[in-house]
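These notes are about the structure you will find just below.
Computed from heavy atoms alone, side chains included, the values below leave out hydrogens, waters and symmetry copies.
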Amino acid sequence: MKISINGKTHALTGPQPLSRVIQGLCKNNPYVIVELNGDIIHKDLWQSVQLCEGDRIELVSFVGGG
Amino acid sequence: MNIKSERLADTVNRAGQTDPFMVGGKVLSSRFLMGTGKFKNKAEVRDCIRASGTQVVTVALRRIDLTRHEDNILEYLPPDITLLTNTSGARNAAEAVRLARLAREAGYGTWVKIEVINDSKYLLPDNAETVKATEILAKEGFTVLPYILPDLNIARALVQAGAATVMPLGSLIGSNQGLRVKDLIQILIAEIDIPVVVDAGIGSPSQACEAMEMGADAVLVNTAVATAGNPAGLAQAFALAIQAGRQAYLSQPPGPRPFAKASSPLTEFLYNESTAS
């Protein structure tokens, strides 16, 4: 199953909860902000959201800026 | 001269009580907003926040680098600081709105600096898109601080749109050129009723002082502090200069004259006036 994460294509073994992808890529980073297909997904919902073919995830966090 | 940071904090607090700076319903005692970009390391950001007495810092949102682990900037910010999310990267109003909502939804507050730029050479803001983003976000309850090229018509539109301040640039971002558009900023100060925060291009404490002395309500500085030889030292100098400029403005300095005016009377000299030249 192919999805996009931060603009790059990733292959997943199959449908799975969003939380598994985030945990795998970001470990326990408490500062991750997640957008799925243009919608912001609150941390409480990561476990219950199931990913599908073609989903677009953005994993974002704060950085220094002017 | 080594000025203790405790005394600086006292001065800042006193200023907040007698000359408060209100933005979005919040009373600030410091008129120094600081950016957190371009520092050599994040510990310097923390040190400069302390040295400056700033209560508001800008941060940006970016995709996480999934190839490595890095400390997050938020770990270096004091817990009571106000986060001003910068929509840097946004090329139009829609992208700016998206970034602001991301920050809010993630629990990082509702203060947003709208920065909409689609010119990578001069980094000049798109004033029209900035107004559009302000209209949307102000209606959604954000405290909006829009970054603009100083333009009175745009500033009036931003006031109508519900902006909390206007933030005219002094000169190009990161250029340290000071107040190259001083006359245009002066117009905004004279005509706009919401706070005017000069943001971008302030390269030295004397330039920050100049902005405050002409009546700006606050300044935002990033590059000059972040790229200084001694960032914390310069942050402190900026804080003092901003206070000096504000006090000067409130004390109504007399301004330049085209002719001389003697400091002492031109009579009763200790010589006969007929032999004086």
For B:K113, which atoms come within 4.5 Å of any heavy atom of chain A: side chain, backbone, both, or neither? side chain
For B:E75, is it the side chain, the backbone, both, or neither that has a heavy atom closer than 4.5 Å to a heavy atom of chain A? both
Using a 4.5 Å cut-off on heavy atoms from C-beta on, say whether the side chain of [Y] contacts that of [X].
X: A:K27; Y: B:H69; value: no
X: A:V60; Y: B:R62; value: no
X: B:V59; Y: A:V63; value: no
X: A:S61; Y: B:N72; value: yes
X: A:I33; Y: B:Y108; value: yes
X: B:T85; Y: A:F62; value: yes

Can you see which heavy atom on A:C26 is nearest to which on B:I64, and at what distance? SG-CD1, 4.4 Å
What part of A:I5 lies closer than 4.5 angstrom to a heavy atom of chain B: side chain, backbone, both or neither? side chain
Nearest-0.5 Å distance that lies between atom OG1 in B:T67 and atom CG in A:L25: 11.0 Å
Kindly indicate, with the supporting measurements, whether the criterion side-chain contact (heavy atoms from CB on, under 4.5 Å) is fulfilled by B:E105 and A:E35. CA-CA 10 Å; B:E105 286 305 306; A:E35 199 193 60; over 6 Å; no
For A:N28, does the CG atom sit with more than 12 other heavy atoms under 6.0 Å from it, leaving out its own atoms? no
For B:K40, I'd like to know if atom NZ has over 12 heavy atoms of other residues, nucleotides or ligands within 6.0 Å. yes
Is there a side-chain contact (heavy atoms from CB on, under 4.5 Å) between B:R63 and A:L59 once you walk through the steps? CA-CA 6 Å; B:R63 283 173 169 167; A:L59 300 173; over 6 Å; no
